[in-house]
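Notes follow once the structure below has been shown.
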Amino acid sequence: CSAPKPHVTLSGACGRTKTVGATRSRLAGAVNTTARAESVLRIVRWHSALALFWNPLHIPLRHTEVMIELGLDTFGDVTYDSNDRPVTQAQALRNVVEEGVLADELGVDAFGVGEHHRADFAVSAPEVVLAAIAGRTKRIRLGSAVTVLSTDDPIRVFQRFSTLNAVSNGRAEVILGRGSFTESYPLFGYDLSQYNQLFEQKLERFVKLLEQQPVVYPPIENGKLRTWVGVGGSPESVVRAARHGLPLTLAIIGGSARR
């Protein structure tokens with residue numbers, strides 16, 4: 001059984017676990033909290049040559065670099081004020097901007113904003129919120145968590161994030177996913193029965209845009225747009241990301257992390 005392309009570690013696909021190339025993994029969890037403590041453990045990236053669990057010949061491994069980066073994710077939850085009344089969605093959005101600015105000041109590595117189209121989460125246009133944060137920060141990376149690619153246009157997604165990348169001086173990244181909530185499908189006129197097919201087709205097109213096929217404007221100024229695939233942990237999703245050579249974000253939004 002042949003192993004997939006670099007950037008992922010697959011477990012079970014070949015009856016064992018292999019690490020291919022320089023492993024990049026991301027652990028993401030999400031919790032709903034109050035405005036006083038709205039935070040999510042977001043990123044654990046390992047940049048090293050390491051093998052996990054499968055080293056039958058006991059070959060000595062040389063770890064050239066290990067780097068852990070931590071960040072915050074938010075869905076832009078509509079929280080409650082001191083009188084136990086829900087804040088407006090407009091205020092929730094302003095709170096998210098202030099959280100991103102504070103994260104930059106405290107030295108957090110990255111800040112991610114989710115996309116939803118419902119009453120309990122205020123952020124429906126992550127790129128706009130991230131651009132507001134970009135204008136008040138200098139260092140922190142800014143990304144979606146996630147962008148629901150299945151109900152969007154890949155070219156427009158790329159253009160919005162390439163614009164964010166330009167105004168933030170190269171700090172943008174995007175996580176592409178199918179969405180753990182499904183309200184965007186009927187809202188934008190998509191058939192929920194096409195949940196998997198839509199994502200597969202649009203992800204394939206987005207990957208071509210990363211290779212400038214075709215060139216769209218504005219182009220990325222240096223290198224490529226940092227792009228991840230957000231998955232809920234299914235083997236099929238992991239294999240899909242590996243096939244496209246993209247790193248993973250593993251999101252455990254509910255249920256047991258054991259899965």
Side-chain angles (χ1 to χ4, degrees), residues 26 28 30 42 73-77 89 92-93 96 110-134 141-168 171-220 224-232 234 236-237 240-241 243-251 253:
R26 183 179 282 190
R42 176 172 181 257
D73 280 351
T74 177
F75 287 168
D77 306 49
Q89 287 213 344
L93 289 170
V96 170
F111 191 77
V113 176
E115 173 197 341
H116 294 91
H117 306 270
R118 48 191 295 140
D120 47 350
F121 300 125
V123 182
S124 61
E127 310 91 336
V128 178
V129 178
L130 294 169
I133 298 171
R141 288 196 306 280
L142 303 167
S144 62
V146 302
T147 292
V148 185
L149 184 64
S150 302
T151 56
D152 211 329
D153 182 276
I155 292 178
R156 293 297 290 140
V157 171
F158 185 90
Q159 288 177 321
R160 295 197 299 266
F161 277 91
S162 62
T163 299
L164 175 64
N165 197 64
V167 300
S168 66
R171 292 185 284 140
E173 58 181 46
V174 59
I175 304 175
L176 305 173
R178 294 176 291 181
S180 56
F181 296 90
T182 58
E183 73 278 355
S184 65
Y185 289 82
L187 179 64
F188 297 117
Y190 288 95
D191 186 349
L192 187 56
S193 68
Q194 300 296 307
Y195 185 79
N196 290 319
Q197 295 93 321
L198 284 168
F199 185 68
E200 181 61 55
Q201 293 167 5
K202 295 190 177 188
L203 179 61
E204 184 173 346
R205 187 168 190 185
F206 194 92
V207 170
K208 291 181 180 178
L209 295 173
L210 294 175
E211 302 296 334
Q212 298 186 330
Q213 300 176 14
V215 175
V216 296
Y217 300 96
I220 297 298
K224 295 182 180 180
L225 176 65
R226 294 188 190 93
T227 303
W228 303 74
V229 175
V231 304
S234 70
E236 295 82 7
S237 296
R240 179 189 295 112
R243 187 170 68 251
H244 291 294
L246 295 173
L248 293 176
T249 292
L250 298 176
I253 297 177

**Complete:** Residues Asn165 and Ala172: closest non-hydrogen pair is OD1-N, 3.2 Å
**Item:** Under the side-chain hydrogen bond (donor to acceptor under 3.5 Å, both in side chains) test, residues paired with Glu211 that sit two or more places apart
**Value:** Lys224
**Asked** Under the ring-ring contact (aromatic ring centres under 6.0 Å, His included) test, which residues partner Phe161, sequence neighbours left out?
**Response** none
**Request:** Heavy atoms only: give me the nearest Thr151-Phe188 pair and the separation to one decimal.
**Result:** O-CD1, 3.9 Å
**Asked** How are the rings of Tyr195 and Tyr185 set relative to one another: parallel (under 30°), tilted (30 to 60°) or perpendicular (over 60°)?
**Response** tilted
**Partner residues of His117 under the side-chain hydrogen bond (donor to acceptor under 3.5 Å, both in side chains) criterion, sequence neighbours left out** = Glu115
**Message:** When you measure from the side chain of Arg240 to the backbone of Glu200, do you find a donor-acceptor pair of N or O atoms at a distance under 3.5 Å?
**Reply:** no
**Asked** Between atom OG1 of Thr182 and atom CG of Leu187, what is the distance when rounded to the nearest 0.5 Å?
**Response** 11.0 Å
**Request:** Would you check if the side chain of Lys202 reaches a backbone N or O of Ser150 as a donor-acceptor pair within less than 3.5 Å?
**Result:** yes
**Message:** To the closest 0.5 Å, what do you measure between CD1 (Ile175) and OG1 (Thr249)?
**Reply:** 3.5 Å
**Message:** Listing request: all salt bridge (charged side-chain N to carboxylate O under 4.0 Å, His left out) pairs with a residue in residues 186-196, at least two apart in sequence or in separate chains.
**Reply:** none
**Message:** Between Gln212 and Ile220, is there a side-chain heavy-atom distance shorter than 4.5 Å?
**Reply:** no
**Message:** I need the Asp152 CG to Tyr190 OH distance, nearest 0.5 Å.
**Reply:** 7.0 Å
**Message:** A side-chain contact here means heavy atoms from C-beta on lying under 4.5 Å apart; do His244 and Leu203 qualify?
**Reply:** yes
**Shortest non-hydrogen contact from Val148 toward Ser184** = CG1-OG, 3.8 Å
**Prompt:** Which pairs, with at least one residue in residues 120-129 and sequence neighbours excluded, count as a side chain to side chain donor-acceptor pair (under 3.5 Å)?
**Reply:** Arg118-Asp120, Glu127-Arg160
**Asked** Which heavy-atom pair separates Leu130 from Ser144 by the least distance, and what is that distance?
**Response** CD1-N, 4.0 Å
**Asked** Say you draw a straight line from CZ of Phe206 to CG of Leu149; how long is it, rounded to the nearest 0.5 Å?
**Response** 7.0 Å
**Request:** Please identify each residue that fulfils side chain to side chain contact (heavy atoms under 4.5 Å, CB included) with Pro218, with sequence neighbours left out.
**Result:** Ser162, Thr163
**Prompt:** Phe199: what forms a ring-ring contact (aromatic ring centres under 6.0 Å, His included) with it, not counting sequence neighbours?
**Reply:** none
**Prompt:** Is a side-chain N or O of Arg156 found less than 3.5 angstrom from the main chain of Asp153, in a donor-acceptor match?
**Reply:** no
**With sequence neighbours excluded, residues passing side chain to side chain contact (heavy atoms under 4.5 Å, CB included) with Leu93** = Ala122, Val123, Val129
**Request:** Might you point out which heavy atoms bring Val96 and Thr74 nearest each other, and give the distance in Å?
**Result:** CG1-CG2, 4.0 Å
**Message:** Could you tell me if the side chain of Phe121 sits less than 4.5 Å from the side chain of Asp77, heavy atoms only?
**Reply:** yes
**Asked** Got a sec, which residues hit side chain to side chain contact (heavy atoms under 4.5 Å, CB included) with Asn196, two or more places apart in sequence or on another chain?
**Response** Arg178
**Message:** With a 4.5 Å cut-off on side-chain heavy atoms, are Thr227 and Leu210 touching?
**Reply:** yes
